[in-house]
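All chains are named by letter (A, B, ...) in the order of the sequence lines, taking the proteins before the strands, and each is independently numbered beginning at 1.
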Amino acid sequence: AQKVTQAQTEISVVEKEDVTLDCVYETRDTTYYLFWYKQPPSGELVFLIRRNSFDEQNEISGRYSWNFQKSTSSFNFTITASQVVDSAVYFCALSEGLTNFGNEKLTFGTGTRLTIIP
Amino acid sequence: ETGVTQSPTHLIKTRGQQVTLRCSSQSGHNTVSWYQQALGQGPQFIFQYYREEENGRGNFPPRFSGLQFPNYSSELNVNALELDDSALYLCASSLAERRAYEQYFGPGTRLTVT
């Protein structure tokens, strides 16, 4: 069975500090996708990134960066120079194919609540 | 804004009642997935509909059922409500032809069962 573990329940940092959110996953699939979503207080899940299991290159998008390491089954997320607007709950998720055609279901971790202190 | 809408925003029901939640997909998407998010937890997959057929189901009892309409909008029905059904219900739309295409989530319906 698939599993996603986000061991950090809550993190608080002072504005402008860097912060890393950890994600460890378990799967027997050889092809899978990993995701990060942000959930602000409004409740809507906001897509941040999707990473293919065959692509272990790190990715940077503005202040966000992701470190995917297949050897340790981890997909960590770093926010550089954090801002108050980054305060939210962040979820890591793993896809699982439902049929041979197309669609997937997502298995989510329990989330990390990030608070940026002004 | 993802273009996915859900109604109603909030709902209060009594144990034993039935409830219907609605979701409109993003334009061009043919797949809808439903998730239940209990307080302090990550979303849990309920089921998925593709071209009006159920395409997969999570570990939820049969009293959770759904429909997808020709315009790809969807309903989630829950019968015989229990207190533990209190949660945020999220729908997500996606396009089947792009495997693992990101799922776009709506704002959710918060259901409270008393």
Peer 1: Which heavy atom in B/F45 sits nearest to a heavy atom in A/K105, and how many Å separate them?
Peer 2: CD2-CD, 3.5 Å
Peer 1: Listed by residue number, which members of residues 106-114 of chain B have a heavy atom under 4.5 Å from any heavy atom of chain A?
Peer 2: B/G106, B/P107
Peer 1: Please look at B/F47 and chain A and tell me whether the side chain, the backbone, both or neither of the residue comes under 4.5 angstrom of a heavy atom of that chain.
Peer 2: neither
Peer 1: Is the CD1 atom of A/I117 crowded by more than 12 outside heavy atoms at less than 6.0 Å?
Peer 2: yes
Peer 1: Would you say CZ of A/R63 has more than 12 non-hydrogen atoms from neighbouring residues, nucleotides or ligands within 6.0 angstrom?
Peer 2: yes
Peer 1: Can you establish whether the number of heavy atoms outside A/K70 located under 6.0 Å from its atom NZ is more than 12?
Peer 2: yes
Peer 1: Check the hydrophobic clustering (I, L, V, M, F, W, Y; side-chain heavy atoms under 4.5 Å; chains of links allowed) and say if A/Y25 and A/F91 are grouped together.
Peer 2: no
Peer 1: Which bit of A/Q39 comes within less than 4.5 Å of chain B, counting heavy atoms only: side chain, backbone, both or neither?
Peer 2: side chain
Peer 1: If you round to the nearest 0.5 Å, how far is CD of B/Q103 from CZ of A/R50?
Peer 2: 11.0 Å
Peer 1: Could you check whether atom CD of B/E75 has more than 12 heavy atoms from other residues, nucleotides or ligands sitting under 6.0 Å from it?
Peer 2: yes
Peer 1: Taking side chain as everything from C-beta outward and backbone as N, CA, C, O, which of these in B/Q37 sits under 4.5 Å from a heavy atom of chain A? Side chain, backbone, both or neither.
Peer 2: side chain
Peer 1: Check for a donor-acceptor pair, side chain of B/Y104 on one end and backbone N or O of A/L45 on the other, with a separation under 3.5 Å.
Peer 2: no
Peer 1: Linking I/L/V/M/F/W/Y whenever any side-chain heavy atoms sit under 4.5 Å apart, do A/F77 and A/Y32 land together?
Peer 2: yes
Peer 1: Counting only heavy atoms from other residues, nucleotides and ligands, does the tally under 6.0 Å from CD1 of A/I60 exceed 12?
Peer 2: no
Peer 1: Identify which of A/T107, A/T110, A/V4, A/L106 forms the greatest number of heavy-atom pairs closer than 4.5 Å to chain B.
Peer 2: A/L106
Peer 1: Please check if A/V89 and A/L34 belong to a single hydrophobic cluster, counting links between Ile, Leu, Val, Met, Phe, Trp and Tyr side chain heavy atoms closer than 4.5 Å.
Peer 2: no
Peer 1: Is any side-chain heavy atom of A/F108 closer than 4.5 Å to one of B/Y35?
Peer 2: yes
Peer 1: Report whether A/Y64 and A/V46 are members of the same hydrophobic cluster (ILVMFWY, side-chain heavy atoms less than 4.5 Å apart, transitive linking).
Peer 2: no
Peer 1: Check each atom of A/Y37 against the heavy atoms of chain B and say whether the ones under 4.5 Å are side chain, backbone, both or neither.
Peer 2: side chain
Peer 1: Would a single hydrophobic cluster contain both B/L67 and B/Y72, if residues Ile, Leu, Val, Met, Phe, Trp and Tyr are joined by side-chain heavy-atom contacts under 4.5 Å?
Peer 2: no
